[in-house]
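Here the structure comes first, spelled out in structure tokens, and everything after it is commentary.
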2 protein chains.
Amino acid sequence: MKLMSTAFDLDAFLPYRLSVASNLVSRLFARRYAEEFGLTIAEWRVIAVLGADGTATASAVRARTGMDKAKVSRAVAGLEARGLIRHVAHRGDRRLDPLALSAAGRRILDAIVPRARALETELFAALPPGTREAMETALRAIADRATVMGAGPGDGPD
Amino acid sequence: MKLMSTAFDLDAFLPYRLSVASNLVSRLFARRYAEEFGLTIAEWRVIAVLGADGTATASAVRARTGMDKAKVSRAVAGLEARGLIRHVAHRGDRRLDPLALSAAGRRILDAIVPRARALETELFAALPPGTREAMETALRAIADRATVMGAGPGDGPD
DNA sequence: GGAAGATGGTTTCAGATGAAACTAATGTCA
DNA sequence: TGACATTAGTTTCATCTGAAACCATCTTCC
């Protein structure tokens with residue numbers, strides 16, 4: 001009589017399911033981005049932010065994506081090395097280093113976006129309609145909640 | 001006229017939202033497990049599997065959790081060092097190394113489960129009822145789909 | 001029986017990661 | 001003005017990670 005002292009079903013534990021799904025999806029996207037465009041996920045995120053906002057500093061990227069600043073810094077260095085971004089001198093506060101996409105960067109963005117959208121669609125194709133939207137709001141709420149509960153983006157006020 | 005050549009809203013991109021939420025949640029749980037029990041997430045997962053299945057080999061854990069075998073191996077080593085698991089000699093096939101929780105291991109499991117459940121509840125408290133269950137099935141489907149689409153658990157048939 | 005191959009697990013190695021230290025430029029306020 | 005605290009961003013360091021190499025033990029099949 002193997003006592004199941006505490007019946008606990010890992011499979012039904014949401015933080016676990018979340019992590020498993022997220023890791024698989026991340027891996028999938030990381031591979032595609034790397035194969036097709038030679039980009040890491042962090043780099044792609046920076047490009048996406050710059051594409052949306054036109055111009056952004058490293059901290060702005062950090063605030064929007066939740067990546068820690070070391071990661072952003074490295075991604076930016078990588079993009080710069082490949083000439084995909086340019087620096088927009090900020091007269092006034094010389095600590096700031098506003099970035100923008102270069103022409104080559106914009107071309108890459110234009111090439112990736114349709115691919116990313118296609119992958120996303122393919123991923124959710126099988127799910128009942130509305131699931132995507134529901135997940136989106138739920139995930140946003142969960143992220144907020146986790147932050148409140150102390151999952152500080154590892155970075156904190158220095 | 002700053003041309004938004006490709007309007008793309010990263011915030012609404014689900015793989016991104018998934019990753020952000022998952023990372024925050026993982027970080028939150030990792031901290032709690034570490035603080036309160038001195039366990040890594042990988043170790044906790046091994047414990048959970050052993051708790052549920054009674055006995056399991058490293059590959060069984062790998063199959064159930066999707067962790068790669070190196071990770072499982074390290075987690076097992078850690079647990080063993082702390083006397084939380086024991087080896088169940090398998091006469092027959094000496095490559096196999098079935099594991100089970102030791103008494104101390106079971107005590108830890110009994111202590112963690114309520115904490116894990118409480119954290120999970122706290123995390124989803126604010127969400128509309130039913131969300132948790134919906135997310136669970138959706139995440140499972142997404143994970144399956146990602147696997148099919150080529151997010152192989154990094155490990156493959158060696 | 002025994003070569004060739006599969007399988008379970010551990011270890012090595014190179015690259016990624018986050019936390020903390022550090023540099024540089026501003027702000028604050030006495 | 002000039003200490004002292006803040007903020008932006010980079011770099012260092014110790015750790016973690018996954019892929020591949022590796023070892024040991026079975027299986028297959030001639």
Side-chain angles (χ1 to χ4, degrees), chain A residues 19-20 22-24 26-28 30-31 33-34 38-46 55-81 85 87-99 150-158, chain B residues 19-20 22-24 26-28 30-31 33-35 39-43 45-46 55-81 85 87-99 151-158:
Chain A
S19 166
V20 169
S22 171
N23 288 340
L24 287 170
S26 286
R27 188 142 25 192
L28 175 66
R31 282 189 189 164
Y33 291 153
L39 292 177
T40 66
I41 289 200
E43 289 169 347
W44 146 243
R45 284 184 183 172
V46 173
T55 272
T57 64
S59 332
V61 173
R62 173 183 176 286
R64 242 150 105 48
T65 62
M67 299 194 281
D68 64 287
K69 51 186 186 174
K71 207 170 194 172
V72 173
S73 176
R74 291 189 262 248
V76 166
L79 292 173
E80 166 146 46
I85 57 180
H87 296 264
V88 183
H90 177 107
R91 86 270 131 239
D93 192 334
R94 270 176 315 180
R95 289 170 305 180
L96 301 179
D97 183 16
L99 306 165
D155 218 3
D158 243 4
Chain B
S19 166
V20 170
S22 172
N23 288 341
L24 287 170
S26 286
R27 187 141 27 190
L28 175 66
R31 281 187 190 166
Y33 290 153
E35 283 168 13
L39 291 177
T40 67
I41 289 202
E43 288 169 347
R45 283 184 183 173
V46 172
T55 272
T57 63
S59 331
V61 173
R62 173 184 175 288
R64 243 151 103 47
T65 61
M67 299 193 282
D68 64 287
K69 52 186 187 174
K71 205 170 195 171
V72 174
S73 176
R74 293 189 259 247
V76 166
L79 292 173
E80 166 145 48
I85 57 178
H87 295 263
V88 183
H90 177 106
R91 85 281 122 231
D93 192 334
R94 273 176 314 179
R95 286 170 308 180
L96 301 179
D97 183 13
L99 307 165
D155 218 1
D158 244 2

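Letters go in sequence order (proteins before strands), and every chain restarts at 1.
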Side-chain donor/acceptor of B:R62 to base of C:dG8, under 3.5 Å: no
Which nucleotide, C:dA25, D:dA19, C:dG18, lies nearest any side-chain atom of A:R94? C:dA25
Is the backbone N or O of B:K69 less than 3.5 Å from a side-chain atom of B:S73, with the two atoms forming a donor-acceptor pair by type? no
Out of C:dG18, D:dG9, D:dT17, which nucleotide sits closest to the side chain of B:R74? D:dT17
Closest-nucleotide ordering on DNA chain C, the 5'-leading residue of A:D93 and A:A42: A:A42
Strictly under 3.5 Å: I want the nitrogen or oxygen pairs between protein and nucleotides 3-6 of chain D, one per line.
none

Separation of B:H90 atom NE2 from D:dA24 atom P, in whole Å? 20 Å
Remember a base hit wins even if backbone is also touched, and classify A:T40 as base, sugar-phosphate or nothing at under 4.0 Å, heavy atoms. nothing
Between CD of A:E43 and P of C:dT17 the distance, given in whole Å, is 10 Å
Where the side chain of B:A70 is defined as all heavy atoms beyond and including C-beta, which of C:dT11, D:dT17, D:dT12 is the nearest nucleotide? C:dT11
Closest-nucleotide 5' rank along DNA chain C - winner of B:L96 and A:G92: B:L96
Side chain of A:K71: nearest nucleotide among D:dA19, C:dG18, D:dT10? C:dG18
Whole angstroms only, please: what is the CE-P distance between A:M67 and C:dA16? 15 Å
Partner of B:L79 by side chain to side chain contact (heavy atoms under 4.5 Å, CB included), out of B:L99, B:I85, B:T40: B:I85
Choose from D:dG9, C:dG18, C:dT26 the nucleotide whose nearest atom is closest to any side-chain atom of A:D97. D:dG9
